[in-house]
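This one's a predicted model, so the numbers in the text were calculated from it and none came from an experiment. Order of the sequence lines sets the chain letters (A, B, ...), proteins ahead of strands, with each chain counted from 1.
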There are 2 protein chains.
Amino acid sequence: MEPVLPSRGRKGDAVARILTAATAVFSEAGFGGTRVDEIARRAGVNKATIYYHIGGKETLYGEVIRSVIGNVAEKILAGVKEDQPPEEKMKTYIRSIIMTIENNPRMAPIMMRELASGGAHFPPVVGRDIARIIGTLTDILEEGVKKGIFISTVPFILHMMVIGSLMFYRASAPVRAKLEWIPEVVKQLSAGINEEVAGEIEKLILRAISR
Amino acid sequence: MEPVLPSRGRKGDAVARILTAATAVFSEAGFGGTRVDEIARRAGVNKATIYYHIGGKETLYGEVIRSVIGNVAEKILAGVKEDQPPEEKMKTYIRSIIMTIENNPRMAPIMMRELASGGAHFPPVVGRDIARIIGTLTDILEEGVKKGIFISTVPFILHMMVIGSLMFYRASAPVRAKLEWIPEVVKQLSAGINEEVAGEIEKLILRAISR
DNA sequence: ATGATAACTAACCGGTTAGTTAAACCGTTT
DNA sequence: AAACGGTTTAACTAACCGGTTAGTTATCAT
């Protein structure tokens with residue numbers, strides 16, 4: 001019994017286009033502000049096609065959440081090699097989070113809104129991901145403490161510090177660009193997390209925990 | 001949905017009740033997810049009363065934003081006295097932000113959602129507030145650098161670090177409590193920013209910038 | 001070709017929601 | 001006590017929006 005070929009799609013995969021459009025609209029307007037018709041319009045697809053392939057608005061949102069903040073632990077922890085010194089592991093952890101956020105510009109707004117609503121739509125995998133990341137961070141810190149190069153601190157607070165700094169920096173870009181009265185120096189900061197910003201945050205975090 | 005008693009005391013506080021209810025609903029559900037009828041129900045007021053006193057949903061939201069994140073600079077910078085050493089000023093700045101967030105539990109979700117949507121509803125005063133805060137922070141840092149106790153860094157990034165850490169910590173409380181798989185140690189952290197957490201963040205930030 | 005099936009669409013449906021209206025309410029003034 | 005005006009309300013409406021349906025088109029196996 002060979003698997004059924006799903007490649008029956010004619011003009012490009014509708015499901016992929018729907019998910020892309022949905023990710024964009026949800027990240028811009030939030031769940032409540034999103035209109036299914038708008039997603040259909042941007043995907044170039046009839047609204048009924050969304051219901052045919054995926055399901056209702058809620059299901060669609062769940063899929064978007066899963067694709068955007070599901071299985072992030074894998075990506076973030078992939079680079080942390082066992083034979084590195086803790087300081088290097090720490091740098092890798094920070095840089096991996098930066099890469100994840102930069103490769104996924106839709107992630108910051110979605111994550112922030114989800115957090116604001118108490119993670120009402122977080123799939124189970126998110127909990128496990130957080131657990132894995134905190135676990136690894138705890139190991140790195142412990143190893144550093146044992147080797148006398150890190151101070152002892154609360155891993156979760158440090159994690160919130162890294163994630164929070166980066167997401168707030170990233171998400172504040174449109175505000176920085178738009179608002180009057182903002183100092184010129186601030187306006188000139190890059191929208192994305194470029195090497196200068198990344199290096200600065202990495203430096204500050206490492207200084208915070210280094211002996 | 002339990003019925004809300006009319007609480008027909010004095011009529012003057014209708015506006016206050018409306019604003020309180022609106023702040024709650026907007027912070028829980030976001031702009032798109034908020035129903036004006038729900039605000040009216042919680043305020044114990046007929047919907048038309050909202051339109052009579054304040055105006056439409058958009059105007060009401062604007063008022064909420066203004067009351068929640070308008071004129072925060074005053075509160076945050078009030079304690080920073082000119083005759084303190086820069087390290088003390090820095091501590092005051094951090095503690096003031098913590099107090100502001102803790103005294104307004106609705107602030108974190110609203111702020112995060114606003115940031116997620118590019119600050120579409122930020123009133124002009126927010127820009128000026130940010131400018132004032134960044135300005136003062138820049139002064140504190142410069143003074144510290146001059147006295148040889150702080151390293152040179154980008155004030156805005158540091159500000160994002162403080163705000164981001166605190167807001168993420170605060171906003172993640174419901175998620176921490178709810179999700180499975182989250183380490184027990186993390187679950188036991190207090191929902192609010194208590195003295196232990198505040199002290200830890202203050203310590204980390206000061207370590208990050210101290211020579 | 002032909003029938004079966006998957007993919008897609010235009011048009012529609014009914015509950016919901018922001019916003020309106022006209023009348024009622026009530027303390028104050030005359 | 002009647003007129004008055006700011007305030008509140010029940011009832012209403014028009015538009016919106018998530019979801020459905022009936023029907024069409026494309027693809028494939030035989």
Please check: side-chain N/O of B:K178 versus main-chain N/O of A:G119, any donor-acceptor pairing under 3.5 Å? yes
For A:Y93 and A:H159, test the side chains for any donor-to-acceptor distance below 3.5 angstrom and give the result as yes or no. yes
Sub-3.5 Å donor-acceptor pair from the side chain of B:K75 to the main-chain atoms of B:I97, do we have one? no
Salt-bridge criterion met for A:E184 and A:K187 (N-O under 4.0 Å): no
Output side-chain donor-acceptor pairs under 3.5 Å for residues 190-198 of chain B, partner residues at least two apart or in another chain, one line each.
residue : atom : partner : partner atom : Å
B:S190  : OG   : B:G192  : O            : 2.6
B:S190  : OG   : B:N194  : ND2          : 3.3
B:N194  : OD1  : B:E196  : N            : 3.3
B:N194  : OD1  : B:V197  : N            : 3.0
B:E195  : OE1  : B:R95   : NH1          : 2.9
B:E195  : OE2  : B:R95   : NH2          : 3.3

Rounded to the nearest Å, what distance is computed from the NZ atom of residue B:K57 to the P atom of nucleotide C:dT16? 16 Å
Report yes or no: is the cationic atom of B:R66 (NZ for Lys, CZ for Arg) closer than 6.0 Å to the six-membered ring centre of B:F122, at no more than 45° off its axis? no
Return yes if some donor-acceptor pair links the side-chain N/O of B:S172 with the main-chain N/O of B:F168 below 3.5 Å, else return no. yes
Considering only nitrogen or oxygen atoms on both sides, find all protein atoms under 3.5 Å from nucleotides 21-23 of chain D and state each distance.
none

A:V45 side chain: which of D:dT9, C:dT9, D:dT8 is closest? C:dT9
Protein-nucleotide distance (B:R17, atom CZ; D:dT8, atom C1'), rounded to Å: 11 Å
Sorted by number, the residues of residues 22-38 of chain A with heavy-atom contact under 4.0 Å to DNA chain D: A:T34, A:R35, A:V36, A:D37
Numerically ordered, the residues 49-56 of chain A set in heavy-atom contact under 4.0 Å with DNA chain D is A:Y51, A:G56
For residues 104-114 of chain A, run the donor-acceptor check on the side chains, cut-off 3.5 Å, and write out each pair with its distance to 0.1 Å, sequence neighbours left out.
residue : atom : partner : partner atom : Å
A:R106  : NH1  : A:S27   : OG           : 3.2
A:R106  : NH1  : A:E28   : OE2          : 3.3
A:R113  : NH2  : A:S27   : O            : 2.5
A:R113  : NH2  : A:E28   : O            : 3.1
A:E114  : OE1  : A:A120  : N            : 3.4
A:E114  : OE1  : A:H121  : N            : 3.1
A:E114  : OE2  : A:Y61   : OH           : 2.6
A:E114  : OE2  : A:H121  : ND1          : 3.4

Euclidean distance, atom CD1 of residue B:I18 to atom P of D:dT7 [Å, nearest integer]: 12 Å
For A:E38, what residues pass the side-chain contact (heavy atoms from CB on, under 4.5 Å) criterion, not counting sequence neighbours? A:V25, A:R35, A:R41, A:R42
Evaluation steps, side-chain contact (heavy atoms from CB on, under 4.5 Å), between B:F150 and B:I140: CA-CA 9 Å; B:F150 287 161; B:I140 298 174; 4.2 Å; yes
Nearest whole Å is fine: how far is D:dC17 C1' from A:I39 CD1? 12 Å
Is it the case that over 12 heavy atoms from other parts of the model lie below 6.0 angstrom from the CD atom of B:E58? yes
